[in-house]
J.: 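Below you'll find the structure I mean.
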Amino acid sequence: MVTSALGTYNVRLYGPPAMLTRQGLPYSGKYFLKDSEKNFTFPVGFLFGTASSSYQIEGAWNEDGKGVNIWDELVHKHPEYVVDRSSGDVACDSYHRYRQDAQLLKNLGVHFYRFSISWSRILPTGHVNVVNQAGIQYYNNLINELLANGIKPLVTIYHWDLPQPLQDLGGWANPVMADYFEDYAYLLFSNFGDRVKAWITFNEPDSFTGGYGTSGYAPTFHAPGIGEYLATRTVLLSHARVYHLYQAYFQKLQRGKLGITLNIHWCEPLTNSTEDIKACERYQQFKLGLFAHPIFSYEGDYPEIVKLRVGQKSKEEGFRNSRLPPFSLKEIDYIKGTWDFFGLNHYTTVYGTSGEEGPIPSISRDAGVITSQDPAWYSTGSPWLKVVPWGFRKQLKWIAQEYNNPPVLITESGYSDLPNEGLNDVGRVYYYTSYMTEMLKAIYEDGCNVIGFCAWSFLDNFEWNSGYTEKFGLYSVDFSDPSRPRVPKKSAHVYSEIIRSRQIPMRYRFWREK
Ligand code: NOJ
């Protein structure tokens, strides 16, 4: 048994190293790591998982009383927003195939499975006046099936699929959403909290609040430089409400942990000029600090540089007040410290240089950073995603220094197949082994408190505006076959080997970086 910031898990301690068992040598039960092995061996209690989200895998979009959410609405009314004009109507059909999924997760050997709950499957109107028992039943079945297979559920409460009736009231731009989010979370804790011991309030607020600015994400509400900040404010208050709710009414009995998942690319200064170094610092503060500083810093509130720049720009642009609405002192205090762990989604790195681009007003101008990537970096099937392992280590170090080394759970990291990569996805194997090697350096050499790693994604799935054209799964899914067969890729086997041996396999330790 191992107790970490994510709860108590049944994890085998060090080794035995795969090499020894494979040769059939006796294992004494004690293993002292040589220095050369140490940096490739995961620390005691380190946890492994894999992740998905409701809209991306469940399908059954209108079955058994589920209501309509903002992604249902977007893909049906505006198919042109998705490159292949596809939808999550059926996706991986996990709503009907959760038993098989649990079996595959067991085969992988993961300690936990991160999935999200579809708000409108449980509350079709978004409000607690109508509870859909079939929805409650589905998640009860899934949770029970996971536990029966020795896998702990890690539940994301909100992974982008807001009930459409709540969007009709303004969605996250409307502060009243905090009340509805609290009601929804209360229902989840009451129904599932006896078995779910780890919760994430929000997945990637930086991404989904973009849907109120310029991005093509639902609800595609275009109020750049204004909408994102309104939504950000509500999301932070909603997160804090739910953290306090859990502490006040559930923690004593259920003893779970609660955090939030934030996303960030590492931003490497394009040159060593002070301007570029400062620009990359602004990138971190506008994309990560906007959410992390109010929750994880000692002082709380938005980062100073963000308040300063948005205030100045707003004035120049003729606004009466800052487009970033301030928190009261009471609110700052209320949000500060509302975490048990820091969930991090990290995929890639960009170069940053000082400069302004984008509409006036916009977050991107407020931040004043222009980003690019090195064409020599290994590519993936996603234009934005280059394989840059060293950026991961730098990012982890930045978080440890900025927020006093909180326990960080990597809630996502992953790679999308190159065209025709098929089941022999060596690119993904390189991605995971090299990123994990850098993560181990962050742990052992920089002292970062990283407690677990979660591969995105369990299955190939609906990749938002990219539809089914970008495949992130450890398992491939044939979307042309009604039974949605799942087949493990090479990376699934390697990930499984890593989990079981608790080491980076010898043959993947010496990749050469570009
Ligand atoms: C972040 C999101 O949380 C997830 O939904 C998405 O599929 C992956 N990144 C890959 O883009």
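This is a predicted model, so every value here is computed, not measured. Just follow the structure's listing: the first ligand is 1, and inside any ligand the first atom is 1.
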J.: Look only at the side chain of Y351 and the backbone of D374, and say whether a donor-acceptor pair between them is shorter than 3.5 Å.
T.: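 The answer is no, because no donor-acceptor pair under 3.5 Å joins these two groups.
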J.: At a 4.0 Å threshold, what atoms of ligand 1 neighbour a non-hydrogen atom of N203?
T.: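 Numbered from 1, ligand 1 contributes 2 (C), 3 (O).
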J.: Counting non-hydrogen protein atoms only, what is the nearest one to atom 8 (C) of ligand 1? Give residue, atom name and distance.
T.: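 Heavy-atom neighbour on the protein nearest atom 8 (C) of ligand 1: Y347 OH, 3.3 Å.
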J.: Would you mind listing which atoms of ligand 1 come within a distance below 4.0 Å of any non-hydrogen atom of F472?
T.: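 This gives 10 (C), 11 (O) as the contact atoms.
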J.: Please evaluate residues D206 and K287 with respect to the criterion salt bridge (Lys or Arg N to Asp or Glu O under 4.0 Å), reporting the C-alpha separation (whole Å), side-chain torsions for both, the decisive distance (0.1 Å), and the verdict.
T.: CA-CA 6 Å; D206 174 64; K287 295 191 86 59; 3.4 Å; yes
J.: Tell me: protein heavy atom nearest atom 2 (C) of ligand 1, and distance?
T.: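 Nearest protein contact, heavy atoms only, for atom 2 (C) of ligand 1 is E412 OE1, 3.4 Å.
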J.: Whether R121 and D161 form a salt bridge (side-chain N of Lys/Arg under 4.0 Å from carboxylate O of Asp/Glu) is what I want to check.
T.: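 Salt bridge flag = no for R121 with D161.
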J.: Is F208 near ligand 1, meaning one of its heavy atoms is under 4.0 Å from it?
T.: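 No, F208 has no heavy atoms under 4.0 Å from ligand 1.
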J.: If you count the atoms of ligand 1 from 1 in the order shown, which ones are under 4.0 Å from a heavy atom of H159?
T.: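 This gives 2 (C), 3 (O), 4 (C), 5 (O) as the contact atoms.
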J.: Around atom CG of N420, are there more than 12 heavy atoms of other residues, nucleotides or ligands at under 6.0 Å?
T.: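 No, the 6.0 Å shell around CG holds no more than 12 heavy atoms from other groups.
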J.: For atom 5 (O) of ligand 1, what's the nearest protein heavy-atom neighbour? Residue, atom name and distance, please.
T.: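 The protein heavy atom lying closest is Q56 OE1, 2.7 Å.
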J.: Checking a contact table here: which protein heavy atom is nearest atom 6 (C) of ligand 1, and how many Å away?
T.: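 Nearest neighbour among protein heavy atoms for atom 6 (C) of ligand 1, to 0.1 Å: E463 OE1, 3.6 Å.
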J.: Using the side chain to side chain contact (heavy atoms under 4.5 Å, CB included) rule, take V75 and Y81 through it: C-alpha gap first, then chi angles, then the decisive distance, then the call.
T.: CA-CA 7 Å; V75 298; Y81 270 96; over 6 Å; no
J.: A quick test of your reading: do over 12 heavy atoms of other residues, nucleotides or ligands sit less than 6.0 Å from OH of Y95?
T.: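 Yes.
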J.: Looking only at distances, please establish whether an N/O atom of ligand 1 is found under 3.5 Å from an N/O atom of W456.
T.: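 The answer is yes, given that W456 and ligand 1 share an N or O pair closer than 3.5 Å.
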J.: Is the distance between the ring centroids of H239 and F202 under 6.0 Å?
T.: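 Judged by ring-centre distance (under 6.0 Å), H239 and F202 do not meet the cut-off.
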J.: Under 3.5 Å between some N or O of ligand 1 and some N or O of S53?
T.: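 The answer is no, given that S53 and ligand 1 share no N or O pair closer than 3.5 Å.
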